[in-house]
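No hydrogens, no waters, no symmetry mates; every other heavy atom, side chains included, goes into these values. Below, read A as the first sequence line, B as the second, and so on, with proteins coming before strands; counting in each chain starts at 1.
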Protein chains: 2
Amino acid sequence: MVASCFAELLGERVDLTAGEVAALARLEERTREVRRGAILQRENEPCGELFVLRRGLMMSYVLLDDGSRQILRFLFPGDLIGVPGMIYRDSPEALAALTDCTVCPFEKTMLSQLFEEHPRLAALVMALNQVERVALTDRLAALGRTSAKARVAALLLDMRNRLRFADKAIGDTFTLGLTQEEVGDATGLTAVHVNRMLRQLEEGGLIRREAGRCTILDERALRRAANYVDRYERLELGWLPTAR
Amino acid sequence: MVASCFAELLGERVDLTAGEVAALARLEERTREVRRGAILQRENEPCGELFVLRRGLMMSYVLLDDGSRQILRFLFPGDLIGVPGMIYRDSPEALAALTDCTVCPFEKTMLSQLFEEHPRLAALVMALNQVERVALTDRLAALGRTSAKARVAALLLDMRNRLRFADKAIGDTFTLGLTQEEVGDATGLTAVHVNRMLRQLEEGGLIRREAGRCTILDERALRRAANYVDRYERLELGWLPTAR
DNA sequence: CGAATCATTGAGTCTGGTCAAACATGGTGG
DNA sequence: CCACCATGTTTGACCAGACTCAATGATTCG
């Protein structure tokens, strides 16, 4: 096993030096197990720590007054999670495990140490923040201006791509690992309507579903229906400072 | 005039050293004027530069296939804009001026220099990125899970707060400076429906409108209607590395 | 003063929500 | 192995919030 899951993720983008790898490994010295369904961080409760997600699938979400939930983001191994804890006393979002997970908690002072000692890593972390930011604005535009069908299609494509990033063996068939209610909470729809949209996509020959697995039959058409752009591709990182 | 608009914004959060102020001033050595209505950066076109917004109100937005527009964010003096240009060759979002503006373009290599020489500023920039990220997720939740009235109310509160941040003299009355179509494109509604929601807020005694100005009559009720939290307040920055 | 942009209002439509029931699935304990 | 329960999926009938289209006022600007 690699020393650091986060280093592995960053290593996809740039060649890390031994010193950088060592610094990143320090973020993952401790581990904690989180059971499927368990809540790692509740909304509006103090958040002293940040985490690296090492294993499993998690989500961040908020609950509204009327009890409805908006899922903000799905979290994959290598993701830095609970980052808003860096600047707020109480967490603006909740973190929960969708599968059994392993997380590595670390103190926020570790981050400032990273910034001092490894400017290139700091810049890289900020670059990945930007990727996340752009992915969020894509979803914002989807919620504001696209149809229910397009939002569901976009979610399927995004999940497939992110699952594939972790497991290169994944092709056009994958296990979504979400209930239709969760898909609805991510796309701003009801579970019932998600079901109808999945059916439409299936009837249109864009996807096939069987036994909890989903196959993308016509990726081009699905991308068109979804207005989807993969933001994790083709990053320009030539401007990064030199490694230390 | 202060050397740097960005320094002024950061200076609201921490006491900057002379060296830091000087480094920030280098981001704003050049200036460019942008006319009201002009587009500084088109979507999907190469974006070589980043900018500091020095004067005026701008917005970032995306256009969808069907011609509709989603406004992602309104931009105020001191904001770093076009940041996604840091990692993508082509801009994922457009930038346009809502009033006559002054911007300060700078190269992305300037950023890496900042990261190397001023780790505290790098951390601070990242912290402000997080504020922006959380503000975006608030809007995501609003678009996904709240009513039209709530979204319009949230926009009013947010614009008032951000205008007040720049001009402390602003109280409960302010000039919104947006057309109802722009409000709609920011909230995922049509201009017609925005008009009806404003009317409802006015009839409910929450706001008053006259001659393009808006007065918040019952801030508590408006906050409640909007589910609004000001994310620009109460940041915890004690963990920042020491200044250089 | 005319043209253009923006705000307002009404009538009718449609996308997506609500409610409720039936159906599938999988895990559990007897 | 099977009955049972909990959870999740599917489907139908109906409803409502938000959209569309269209017309009329109000402002602003040249």
Round to a whole Å and report the spacing from [atom1] of [X] to [atom2] of [N].
X      : N      : atom1 : atom2 : value
A:Q200 : C:dT15 : CD    : P     : 10 Å
B:H193 : D:dA22 : NE2   : C1'   : 18 Å
B:D66  : D:dC19 : CG    : P     : 13 Å
A:M197 : D:dT10 : CE    : P     : 13 Å

Review point. Taking it one step at a time, do A:Y61 and A:D185 satisfy side-chain contact (heavy atoms from CB on, under 4.5 Å)?
Key: CA-CA 9 Å; A:Y61 63 90; A:D185 286 346; over 6 Å; no
Check your understanding: Do you see a donor-acceptor pair shorter than 3.5 Å between the side chains of A:T102 and A:R54?
Key ->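 Per modelled atom types, A:T102 and A:R54 side chains form no pair under 3.5 Å.
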Review point. Will you find, in the side chains of A:N129 and B:N129, an N or O donor that is under 3.5 Å from an N or O acceptor?
Key: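 Note: A:N129 and B:N129 side chains miss the donor-acceptor criterion.
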Review point. Think B:T190 has a side-chain N or O under 4.0 angstrom from the OP1 or OP2 of D:dA18?
Key: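 Answer no for this pair, as no side-chain N or O of B:T190 is under 4.0 Å from OP1 or OP2.
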Check your understanding: Once you round to the nearest 0.5 Å, how far does OG of A:S91 lie from CD of A:E49?
Key ->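 Nearest 0.5 Å value for the OG-CD distance: 12.0 Å.
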Review point. Want to settle it: does B:K149 or A:R196 sit nearer the 5' end of DNA chain D, counting the closest nucleotide to each?
Key: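 First, find each residue's nearest nucleotide; the 5'-ward one identifies A:R196.
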**Study point:** For A:L163, the option from A:I170, A:L176, A:T175 that meets side-chain contact (heavy atoms from CB on, under 4.5 Å)
**Key:**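 Per the side-chain contact (heavy atoms from CB on, under 4.5 Å) rule, the option paired with A:L163 is A:I170, out of A:I170, A:L176, A:T175.
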Exercise for review: Salt-bridge test for B:E93 and B:R73: reply yes if a basic N is under 4.0 Å from a carboxylate O, no otherwise.
Suggested key: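 Not counted as a salt bridge, because no side-chain N and carboxylate O are separated by less than 4.0 Å.
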Check your understanding: Reckon A:G188 touches a base, only the sugar-phosphate, or nothing at all at heavy-atom distances under 4.0 Å?
Key ->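 The residue A:G188 makes sugar-phosphate contact but no base contact.
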Between the protein and nucleotides 4-8 of chain C, list every N/O to N/O distance that falls short of 3.5 Å.
residue : atom : partner : partner atom : Å
C:dA7   : OP2  : B:Q180  : N            : 2.9
C:dT8   : OP2  : B:Q180  : NE2          : 2.6
C:dT8   : OP2  : B:N195  : ND2          : 2.5
C:dT8   : OP2  : B:R209  : NH1          : 3.1
C:dT8   : O5'  : B:N195  : ND2          : 3.1

Review point. Closest to the A:L189 side chain: D:dT20, C:dG17, D:dA18?
Key: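 Ranking D:dT20, C:dG17, D:dA18 by closest atom to the A:L189 side chain puts C:dG17 first.
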